[in-house]
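Below is one structure, written out as C-alpha cells; the observations come after it.
Below, each value reflects all heavy atoms present in this structure, side chains not excepted, and no hydrogens, waters or symmetry copies. Throughout, protein chains are lettered first and strands after them, A, B, ... in sequence-line order, and every chain is numbered starting at 1.
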Amino acid sequence: MSPAPATDKDPETETEHDTLKYSLLGPSLTKSGQDNVDQQKVSEIIYNASKGSKFFNNEENRDKNLTAKIEKILAKKKELEKLDLAHDIRKADDCIAELELSRDLSQSVVHIDCDAFYAACEELDRPELKEVPFSVGKGVLTTCNYHARKFGCRSGMAGFVAKKLCPQLIQVPLNFEKYTAKAQEVREIIVDYDPRFESASIDEAYLNITEYCSMNDISPEDAVQQLRREVHEKTKITISAGIAANAKLAKICSNQNKPNGQFRLANDRNVIMAFMRDLPTRKVNGIGRVFERELDAIGVKTCGDIYTYRQYISKLFGEKAFTFLMQCYLGLGRTKVQPAEEYERKSVGTESTFGDMSGHIELRDKLRQTAEELEKDMLRTQFKGRTLCLKVKLHTYEVFTRQVIPPKAIYLADDLYKFSVPMLTRLEQEFPGMKLRLMGLRCTNLVSMKKPDTMAFFGFKKRPGTDLDSSDIPDDEQLKRKADVLDKDGQWEAIPAELLFEDAERQEREEEFEELETLSQLEEVDKRRHHGKEVVPNPRKQDSPVEEWWDCPICLRPQVASEKEFNEHIDLCLSRQTIRNAVQETSGAGRPPRESTPSNKKSKTSEKSKDKTVLGDPKQRRLFFG
DNA sequence: GCGGATCAC
DNA sequence: TATGGTGATCCGC
C-alpha cells in the first residue's frame, strides 16, 4: 500500500480519513452509553493509537476498497437515472403491496437484553467495581460498564486502545461459568412468560407474550414491567426490553430506553410507519457499518428514505437486499418465536489467533492441533461434516478460505487433518513464505449422529439391542464409541414415513455424487500442481530440517518432502485410491485397483503453546439455554 | 459450488 | 508491544 502524501487540502484524502476513522470506531457505535461522548475526540485517539499498525493498514485497505465499491454503485445509479424507471417503481410498489398483505398486528413480541451483562455479573461479585470504569476481557474488550462507556470504551475494542481512552480502566478476566449460571437464573424467570421463548444469545431473548397477556388479562407493558421487576429482584440483573408487533421491531425497541428501560411500539400500522420513517438505517439488525455507508451514498439515511429510492435498490443491491429493505421501510418482521434448539445447525468450527507463524512444520503442527480441537467440537455436537473449510489470516490481517469435500462425512482429527493438509499446501503455493496469525477449521453440510432421545424427537426410533450407554465410561469416550458404531451404519431406523425414506434415498444419491465430485476435484488439484512442468518442487523454507526426494509408491510421482510430509502425502494418496475403488465399484468402469500400501502413523507433535488466548470460550455460549 | 465479505453477539 | 471466536448468510463468479 502506498502511503499517499496527505495534504490537509486534498478533500479526497480527508474524506477517506473520515470514513476510516468512522470505521475504526468499531461496530458497536450504536450501543447505548455513548450519547454524551465526544466521538470526534474518541476517534482521534483511536486513530492515533492504531496508526501504522498492520491492523490499521488492513483497515485502511478495506476502507479504500469500500470507497471504490461505493463509487461503482454511484456510477451505476447515475446510469439508471438516465433511464425510464417507471417500470421499476411499479415493480417495487407491487412488491410493497404484497408484503403489506403479510402484516400481522395480532401478536405481542418482546425482545429482552441484559444491560452490560458480563460487567453486571462481575459487579455482583465485586460491588466496588460499580464505582469505577472497568471492562471484561483483556486483549479485546467483550463488554464494559457504563462508567467506561463515558470514556468511549466499547465492546470489540483493543485493550490498549481502551487504556488510551481511559487510563484508569480496570480490566477483568472473563469468567464464563459465572455468566452462564446467571443467565440460567434469568431464563428460569422468563420461561413463565413464554415457555417457548427463543434465546438469541447468552444475554438476549425473544418472547411472544400474546397468550400470557390474554390469560392474565394484563397489558404487554405491564407484563414486561412485571417481568423486568421480577428478574431484577431475583437475579439483581437489570434488563431492557422492547415490545412490538414483531421480532424486528422489538429488537429495535429494546435499544430505545437502555439501560434498565422498556419501550413499546403500538401495534398500529400508522404508528409503526411513522417510527420507521425517521429511524436511521443502522439501527436495524442486519445493517452494519458497510451497508450503512452504501445506503447513505445513494441518499438513504433513514428507513423512510428507502421508499424514496425504491426504484434503484434491487438493481444496486440485489433482490434479497431489496425485500429486506422494503420490510424495514414497512416495519415488517417475523412474529414466530421458537426455542433455539429447534433451529438447524449449519456448521461447526474452531479457530484461534497466535503470534505470527510460518514454516511447513509449524503450520502443520498448528493444523493438527486445530483438527484435534474440531474433533472435540464435532463429538460434543455429535455431527459429521461433508465439507471441510480451512481458514487462515495472514500477518497482514488478510483472510482466505479454502474448502474440500472429503469422500465421506468426517469428524475424527486424523481425517480432518488429512483432508485439510492439501488446502494448506495450496495456500502455501499461492502465498510463498506466508506468515499466519490465525488458523481455523470448519465443517459444513452436517450429518447428525445424535444420541437416542434427540433422534427420537426428530422422528427416528432406536433398533433393539443397540444401547450404547454405559455409565462407567467417561463422557468423551462414550461419545466417540457411539460415533464409531454409528459410523458402521444401521443404528437408526426411520419411522416408516414415505418422506423420510425419500429423504434417505436422496441423501444416498447425493453421497455418490459427492464422491465423484471429490475425485474430480482432487484430480483437478493434481493437474494444477503438475501443470506444464514435471513436479516442480516447492521452494523449501530454510527452517525445514529434511530435504529429500522420495518416490510415492502409490502415485509413483517423485515427492520432495520431509518424512512427515511424505507420510501425509501417502495418506492422501491412499484416500484417493479409496475413492477410485469406490467409484469403480459403483460405475463398473476404470482401472483395476492398485495394491494398497500401509502408511506410517503420524507421530504426535508436542506443542509449545504460543497462543495468546484473550477471550473465554464462546463455544460455551451455546450450552446456555439449550 | 467456491471464496470473499458482511453481520451479530 | 498490541486488535477475538462462533455461526449465519449473501453475492459474484
Next on the checklist: Nearest heavy atom decides the nucleotide; on that basis, is A/R282 or A/F400 closer to the 5' end of DNA chain B?
Outcome noted: A/F400
Checklist entry - When the distance from CZ of A/F317 to P of C/dG12 is rounded to whole Å, what number comes out? => result 11 Å
Checklist entry - Side chain of A/V140: nearest nucleotide among C/dA2, B/dG1, C/dG4? => result C/dG4
Next on the checklist: Rounded to whole Å, how long is the line connecting atom CD of A/Q403 with atom P of B/dG4?
Outcome noted: 10 Å
Checklist entry - With sugar-phosphate meaning primed atoms plus P, OP1 and OP2, does A/S50 contact a base, only sugar-phosphate, or nothing at under 4.0 Å between heavy atoms? => result base
Checklist entry - Does CD belonging to A/E344 count more than 12 external heavy atoms closer than 6.0 Å? => result no
Next on the checklist: Using the side-chain heavy atoms of A/R345, tell me which of these nucleotides is nearest: C/dG7, C/dG4, B/dC2.
Outcome noted: C/dG7
Checklist outcome for this item: Quick note, A/A158 side chain, CB onward, closest among B/dA8, C/dT6, C/dT3 is C/dT3
Item to check | For atom CZ of A/F354 and atom P of C/dT1, their distance in whole Å | outcome: 23 Å
Next on the checklist: Could you measure the distance from the CG atom of A/N260 to the SG atom of A/C114? Nearest 0.5 Å is fine.
Outcome noted: 11.0 Å
Next on the checklist: In terms of relative ring orientation, are A/H111 and A/Y206 parallel, tilted or perpendicular, with 30° and 60° separating the classes?
Outcome noted: tilted
Item to check | Gap between atoms CZ and P, on A/F431 and B/dG3 respectively (whole Å) | outcome: 11 Å
Next on the checklist: Heavy atoms only, 4.0 Å cut-off, all strands: where does A/Y397 land among base, sugar-phosphate and nothing?
Outcome noted: sugar-phosphate
Checklist entry - Looking at the side chain of A/K346, which of C/dT6, B/dC9, C/dT9 is the nearest nucleotide? => result C/dT9
Checklist entry - Toward the 5' end of DNA chain C, which comes first, A/K51 or A/T381, by nearest nucleotide? => result A/K51
Checklist entry - Does A/E344 or A/F56 map to a spot on DNA chain C nearer the 5' end, using the closest nucleotide for each? => result A/F56
Checklist entry - Which part of the nucleic acid, if any, lies within contact of A/S53, taking any heavy atom under 4.0 Å across all strands shown: a base, the sugar-phosphate backbone alone, or nothing? => result base
Next on the checklist: Output the rounded distance in Å from CD1 (A/I287) to P (B/dC7).
Outcome noted: 9 Å
Checklist outcome for this item: Here the distance between atom P of C/dG4 and atom CG of A/L438, to the nearest Å, is 9 Å
Checklist entry - Is A/R402 touching bases, backbone alone, or none of the nucleic acid, heavy atoms closer than 4.0 Å? => result sugar-phosphate
Checklist entry - Knowing that exactly one of A/N145, A/V172, A/I170 qualifies, which makes a side chain to side chain contact (heavy atoms under 4.5 Å, CB included) with A/E122? => result A/V172
Next on the checklist: Whether A/N285 contacts B/dC9 is assessed here as follows: a side-chain N or O lying under 4.0 Å from the phosphate OP1 or OP2. Is that the case?
Outcome noted: yes
Item to check | Atom pair distance, as rounded to whole Å: CE in A/M378 and P in C/dT6 | outcome: 14 Å
Checklist entry - So, is A/T350 close to the C/dT6 phosphate, meaning a side-chain N or O under 4.0 Å from OP1 or OP2? => result yes
Item to check | A/K178 atom NZ, neighbour heavy-atom count above 12 within 6.0 Å | outcome: yes
Next on the checklist: Can you tell me which residue among A/D296, A/L325, A/T281 is in a side chain to side chain contact (heavy atoms under 4.5 Å, CB included) with A/F291?
Outcome noted: A/L325
Checklist outcome for this item: Among C/dG7, C/dA2, C/dG5, the one nearest any side-chain atom of A/S347 is C/dG7
Item to check | Touch class at under 4.0 angstrom, heavy-atom based, for A/K251 against every strand present | outcome: sugar-phosphate
Checklist entry - Does C/dA8 have OP1 or OP2 sitting under 4.0 Å from an N or O in the side chain of A/R442? => result no
Checklist entry - Nearest of C/dC11, C/dG7, C/dG5 to any side-chain atom of A/K320? => result C/dC11
Checklist entry - Roughly, in whole Å, what's the span from CG in A/L20 to C1' in C/dT3? => result 14 Å
Checklist entry - Does the cation-pi check pass for A/K21 over A/Y47, that is, NZ or CZ under 6.0 Å from the six-membered ring centre and within 45° of its axis? => result yes
Next on the checklist: Using the P atom as the point on both nucleotides, what is the distance between B/dA8 and C/dT3, in whole Å?
Outcome noted: 24 Å
Item to check | Nearest to side-chain heavy atoms of A/F160, which nucleotide of C/dG5, C/dA2, B/dG1 | outcome: C/dA2
Checklist entry - Side chain of A/T353, base of C/dT3: donor and acceptor closer than 3.5 Å? => result no
